[in-house]
Number of protein chains: 2
Amino acid sequence: MKRPAELERLLGYQIQMVHLDFDSNARDVLAPFGLTPVRFTALLLIDANPGCDQTALGRALSVNRSSAMKLVNGLEQAGLVERRAGRDLRTNALHLTDEGVAAIAAVRERLTESETRLASRLDAHEQEVLQSLLAKLQRRRAARG
Amino acid sequence: MKRPAELERLLGYQIQMVHLDFDSNARDVLAPFGLTPVRFTALLLIDANPGCDQTALGRALSVNRSSAMKLVNGLEQAGLVERRAGRDLRTNALHLTDEGVAAIAAVRERLTESETRLASRLDAHEQEVLQSLLAKLQRRRAARG
DNA sequence: TATTGTTATACTCTATAACTATA
DNA sequence: TATAGTTATAGAGTATAACAATA
């Protein structure tokens, strides 16, 4: 299949293609641990913000309360996260279990290693430049629902 | 919510965040035309490869035959694509209708314009560097299904 | 009144498996 | 035997809307 030249010029298309590579790679690495990119990101967010509530977690992940609910259900059933009493009677305080902490540690090395392999098409300097350009390109996303 | 430092260092995470911006922007632009990023990409691919069959299209989009089927059904019902007789009696030859050609033209300007706005956080030189780094980072994806 | 969690429900996208008709 | 299209079905993932408890 010939690629339309127009596509190649669209920055969003290039980003999508690269994202596809990295995302499917991450899914392969995370799957044996029962994790997905979103679930793993949730673990890291809870780790960095112990005691946060579900709505805040959902906002950080750009999903609504209902979806955050399902996400936390899954992580709780997997024994990685627990709901404790929150700052008032409406809210849950989310915390990693020991298993959750262990899961992050177990995944970390494999994920970094496979990303290093993917990024190896660029030399060290190029990787640095890419990181900084991507950081500059980012904006804070608006929260939903 | 505090962002975990570990996430910021993962290239895949940075790419995902940037992709999220561009993807949701593209969805907003395409929605009034009844299109999504995948559907629009399909139109451009058929435009660049008139007479291609569904399986090849699916391969280029990294979806299987069944999903390509549904995709083409939608585009056909929207009057943008038509199935003609293919090179043998098993295959369909996909072609854009006049409406399909018009849809691409209508979308093109708005999409490029909104991407320009998103990319404007980088100057011209930085955009060029980013494009070339992303192109270099890409690999051809394996086909599925 | 507003917010948090929750539940029920539905929609979209994609995959798998099996069928058919061709090759 | 293998391939293209098709169909039925199921599974993620997410959204909307409404409800209860609490603020």
Side-chain angles (χ1 to χ4, degrees), chain A residues 1 16 19-20 23-24 26-28 30-31 34-42 46 49 51-78 81-95 141-145, chain B residues 1 16 19-20 23-24 26-28 30-31 34-42 46 49 51-78 81-95 141-145:
Chain A
M1 286 287 267
Q16 185 175 45
H19 175 250
L20 222 141
D23 187 65
S24 83
R27 282 178 194 282
D28 291 345
L30 292 170
L35 293 174
T36 62
V38 173
R39 283 161 69 100
F40 181 59
T41 305
I46 294 169
N49 303 276
C52 68
D53 63 45
Q54 292 177 189
T55 300
L57 177 66
R59 206 156 29 221
L61 293 167
S62 295
V63 299
N64 68 11
R65 281 177 299 154
S66 177
S67 300
M69 171 85 204
K70 279 201 172 185
L71 180 61
V72 173
N73 282 351
L75 294 173
E76 194 181 39
Q77 278 158 31
V81 166
E82 61 182 20
R83 291 171 160 113
R84 297 188 196 157
R87 63 179 182 286
D88 63 48
L89 288 175
R90 293 175 305 181
T91 58
N92 294 324
L94 302 178
H95 292 270
R141 270 148 303 103
R144 296 186 225 160
Chain B
M1 285 289 268
Q16 185 176 44
H19 174 250
L20 223 140
D23 187 66
S24 82
R27 283 178 193 283
D28 291 345
L30 294 170
L35 294 174
T36 62
V38 172
R39 284 162 69 101
F40 181 60
T41 305
I46 293 168
N49 303 276
C52 68
D53 63 44
Q54 293 178 188
T55 301
L57 178 66
R59 206 155 30 221
L61 293 167
S62 296
V63 299
N64 68 11
R65 281 178 300 155
S66 176
S67 300
M69 171 82 204
K70 281 203 169 185
L71 179 62
V72 173
N73 282 351
L75 294 172
E76 194 181 40
Q77 278 159 32
V81 167
E82 60 182 20
R83 292 170 159 112
R84 297 188 196 155
R87 64 180 179 285
D88 64 47
L89 289 174
R90 293 175 304 181
T91 58
N92 295 324
L94 302 177
H95 292 271
R141 269 145 306 101
R144 298 185 221 158

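Protein chains get the first letters and strands the later ones, always in sequence-line order, with residue 1 at the start of each.
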> Hey, is the side chain of B/T55 poking within less than 4.0 Å of OP1 or OP2 on D/dG5, counting only N and O atoms?
yes
> Can you tell me how far P of D/dA15 sits from CE of A/M69, to the nearest Å?
16 Å
> Between C1' on D/dT14 and CG on B/L20, what's the gap in Å once rounded to a whole number?
13 Å
> Nearest whole Å is fine: how far is C/dT4 P from A/N92 CG?
12 Å
> Can you pull every protein N or O that's under 3.5 Å from an N or O on nucleotides 8-12 of chain C?
from  : atom 1 : to    : atom 2 : distance (Å)
C/dA8 : N6     : A/S66 : OG     : 3.4

> Rounding to an integer number of Å, can you tell me how far B/D88 CG sits from D/dT3 C1'?
9 Å
> Given atom CG of B/N64 and atom P of D/dG11, what is their separation to the nearest angstrom?
17 Å
> Nearest 0.5 Å please: distance from the CD atom of A/Q54 over to the CZ atom of A/R65.
10.5 Å
> Measure the spacing between OG1 of B/T36 and CG of B/D23 and express it to the nearest 0.5 Å.
9.0 Å
> Does C/dT4 have OP1 or OP2 under 4.0 Å away from a side-chain N or O of A/T91?
no
> Are the side chains of B/M1 and A/L57 in touch, meaning some heavy atoms are under 4.5 Å apart?
yes
> Any heavy-atom pair between the side chains of A/R83 and A/L94 that's under 4.5 Å?
yes
> Between C1' on D/dT6 and CG on B/D53, what's the gap in Å once rounded to a whole number?
14 Å
> Identify the two heavy atoms, one from B/A26 and one from B/P37, that lie closest to each other, and give their separation to 0.1 Å.
CB-CG, 4.4 Å
> If I take atom CG in residue B/N73 and atom C1' in nucleotide C/dT14, what distance separates them, rounded to the nearest angstrom?
14 Å
> Using a heavy-atom cut-off of 4.0 Å across all strands, would you classify A/R39 as base, sugar-phosphate, or nothing?
nothing
> Confirm from the modelled atom types if A/R65 and C/dG5 form a donor-acceptor pair under 3.5 Å, side chain to base only.
yes
> May I ask you to evaluate whether A/R83 reaches the phosphate of C/dT4, defined as a side-chain N or O under 4.0 Å from OP1 or OP2?
no
> Using whole Å, what does the distance between atom P of nucleotide D/dA4 and atom CZ of B/R90 come to?
6 Å
> So that I can tick it off, tell me whether B/R87 and B/D53 are bridged by a salt bridge, with the cut-off set at under 4.0 angstrom between side-chain N and carboxylate O.
yes
> Determine the minimum heavy-atom distance between A/A42 and A/L71, stating which atoms define it.
CB-CD2, 4.0 Å
